[in-house]
**Student:** 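I have a structure I would like to understand better, so I am pasting it below and will then ask my questions one at a time.
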Number of protein chains: 2
Amino acid sequence: MKIKEVSQKYNIPADTLRYWERQGAIPPVNRDEAGYRDYDQEDMDWISFAQCMREAGVSIEYLIEYIELFKGGKKTLEARKDLLREQLKVIKRHLDEVQNTYDLINKKVQNYETHVEGYHGKLIK
Amino acid sequence: MKIKEVSQKYNIPADTLRYWERQGAIPPVNRDEAGYRDYDQEDMDWISFAQCMREAGVSIEYLIEYIELFKGGKKTLEARKDLLREQLKVIKRHLDEVQNTYDLINKKVQNYETHVEGYHGKLIK
DNA sequence: ATAAACCTTGGAGTCGACTCAAAGGCAAGC
DNA sequence: GCTTGCCTTTGAGTCGACTCCAAGGTTTAT
């Protein structure tokens, strides 16, 4: 699969896919005879992974670190697990914050539904 | 309450509080005789609001828009409600994505717990 | 009354993450 | 065989959101 197809499939700009690879946030992608990137399923799994992580707010730097470990093979298993656990905690915290805001805005919209005037109201009890 | 106290209370750098105000992401804060910012409860409610929204990924631009509307008073009620509803949708989408990633990473950590070798595994089924 | 610790502004600098541009190679259709 | 459209790299530019700095005013403690 060429870069444009992958770009469309995952809705990620081709420039971003190249950028991620250049930075080392995903492993190097195989090339065809012309030197064009030719993504296989594994490459795309890595893209999915990176996309998820990025959407959850994980930095490129962390992804690079994970890939670095992955390159190190079996002996980095523990380190990788630790890294993921660490990120999991960060994501959880973020998740709770977003959930909190969602609930608050939701209430606020309710207020707008039922209240009068230029009511602002408290967001935090 | 002076800026340093507010900064500590909400754990937001004073520079950021000034920045938000300068941009119009929160309404102007009252000043004392010396020209120093003197935050009252309402100011702090706005800071809470901005903090929540920012944590949920809402841009400064949106906050400015909301404040602009708020300045317009009663006649902007509908527009404000619409804006919040719109943001609510965006936050919801983000929330689902983050939740999704959380679950995936969680599974991945489980895999590391039970699996052998340099197993990467699929993240997306 | 002088230093330390606040505060002010305007503007410049930084940082992460893209995003674009230039210069050029390959490939398919007319 | 030439145009169109894709691909390559390197390097520079942009953007949002801070973050810091300089120059200067105020307040508090000694």
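Reckoned from all heavy atoms, side chains included, excluding hydrogens, waters and symmetry mates. So you know, we letter chains A, B, ... as the sequences are listed, proteins then strands, and number each from 1.
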**Student:** Between C:dC7 and B:R37, is there an OP1 or OP2 to side-chain N/O distance shorter than 4.0 Å?
**Tutor:**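 Result: no.
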**Student:** Using heavy atoms to find the nearest nucleotide of DNA chain D for B:E33 and B:E61 separately, return the residue whose nucleotide is more 5′.
**Tutor:**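 Nearer the 5' end of the strand: B:E61.
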**Student:** Give the rounded distance in Å between these two atoms: CE of B:M1 and P of C:dC6.
**Tutor:** 15 Å
**Student:** What are the atom names and distances for every N/O pair under 3.5 Å that joins the protein to nucleotides 1-5 of chain C?
**Tutor:**
none

**Student:** Partners of A:D96 by salt bridge (Lys or Arg N to Asp or Glu O under 4.0 Å), sequence neighbours excluded?
**Tutor:**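 With neighbours one apart ignored, the set is A:K92.
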**Student:** In whole Å, I'd like the distance from the CD atom of A:Q23 to the P atom of D:dT10.
**Tutor:**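 Rounding to the nearest Å, CD of A:Q23 and P of D:dT10 are 12 Å apart.
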**Student:** Can you confirm whether B:L17 sits close enough to B:Y39 that some side-chain heavy atom of one is under 4.5 Å from a side-chain heavy atom of the other?
**Tutor:** yes
**Student:** Expressed in angstrom and rounded to an integer, what is the separation of A:I64 atom CD1 from C:dC18 atom P?
**Tutor:** 11 Å
**Student:** Go through the structure and list residues passing side chain to side chain contact (heavy atoms under 4.5 Å, CB included) with A:D82, not counting sequence neighbours.
**Tutor:**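 A:E78, A:R85.
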**Student:** Rounding to an integer number of Å, can you tell me how far A:E21 CD sits from C:dA17 P?
**Tutor:** 18 Å
**Student:** Sorted by first residue and then second, give each salt bridge (charged side-chain N to carboxylate O under 4.0 Å, His left out) pair with at least one member in residues 23-34 of chain A; sequence neighbours left out.
**Tutor:** A:E21-A:R31
**Student:** Which residues pass the salt bridge (Lys or Arg N to Asp or Glu O under 4.0 Å) test with B:E65, sequence neighbours left out?
**Tutor:** none
**Student:** Does A:W20 put a side-chain nitrogen or oxygen below 4.0 Å from OP1 or OP2 of C:dC18?
**Tutor:**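 So the side chain of A:W20 is within the cut-off, an N or O lying under 4.0 Å from OP1 or OP2 of C:dC18.
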**Student:** Can you name the salt bridge (Lys or Arg N to Asp or Glu O under 4.0 Å) partners of A:R93, sequence neighbours left out?
**Tutor:**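 Salt bridge (Lys or Arg N to Asp or Glu O under 4.0 Å) list for A:R93, sorted by chain: empty.
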**Student:** Partners of B:K71 by salt bridge (Lys or Arg N to Asp or Glu O under 4.0 Å), sequence neighbours excluded?
**Tutor:**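 Only B:E68 meet the salt bridge (Lys or Arg N to Asp or Glu O under 4.0 Å) criterion with B:K71.
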**Student:** Roughly how far apart are B:L95 CG and B:K89 NZ, rounded to 0.5 Å?
**Tutor:**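 Interatomic distance, B:L95 CG to B:K89 NZ, rounded to 0.5 Å: 16.0 Å.
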**Student:** Grab the CD-P distance between A:E5 and D:dC6 for me, whole Å please.
**Tutor:**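 Distance check: A:E5 CD to D:dC6 P gives 11 Å.
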**Student:** Can you run down the ring-ring contact (aromatic ring centres under 6.0 Å, His included) pairs that involve residues 80-111 of chain B, sequence neighbours left out, and say none if there aren't any?
**Tutor:**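 Matches after skipping sequence neighbours: A:H94-B:H94.
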**Student:** Mind calculating the distance between CG (B:D38) and P (C:dT8) to the nearest angstrom?
**Tutor:** 10 Å
**Student:** When the aromatic ring centroids of B:W46 and B:F70 are compared, is their separation below 6.0 Å?
**Tutor:**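 Yes, the ring centres sit under 6.0 Å apart.
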**Student:** Which residue, B:Y19 or A:R31, contacts DNA chain D at a nucleotide closer to its 5' end, judged by nearest heavy atom?
**Tutor:** A:R31
**Student:** Distance check needed: D:dC18 P versus B:L17 CG, whole Å only.
**Tutor:** 10 Å
**Student:** Considering only C:dC7, D:dT26, C:dA17, which nucleotide approaches the side chain of B:A34 most closely?
**Tutor:**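 Between C:dC7, D:dT26, C:dA17, the one nearest the side chain of B:A34 would be D:dT26.
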**Student:** Would you please confirm or rule out a distance under 4.0 Å between OP1 or OP2 of D:dC18 and any side-chain N or O of B:R54?
**Tutor:** yes
**Student:** Could you list all N or O pairs between the protein and nucleotides 28-30 of chain D that sit under 3.5 Å apart?
**Tutor:**
none

**Student:** Test of understanding: with side chain to side chain contact (heavy atoms under 4.5 Å, CB included), list the residues that count as partners of B:E61, not counting sequence neighbours.
**Tutor:**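 Testing B:E61 for side chain to side chain contact (heavy atoms under 4.5 Å, CB included), a comparison that skips the adjacent residues, returns B:S59.
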**Student:** List the protein contact pattern of nucleotides 20-25 of chain D with one symbol per nucleotide (5' to 3'): B for base contact, S for sugar-phosphate-only contact, - for none; contact means a heavy-atom distance under 4.0 Å.
**Tutor:** B----B
**Student:** Could you tell me the separation between the CG atom of B:D32 and the P atom of D:dT26, rounded to a whole number of Å?
**Tutor:** 11 Å
**Student:** Under the side chain to side chain contact (heavy atoms under 4.5 Å, CB included) test, which residues partner B:Y10, sequence neighbours left out?
**Tutor:** B:V6, B:I12, B:M44, B:I47, B:S48, B:Q51
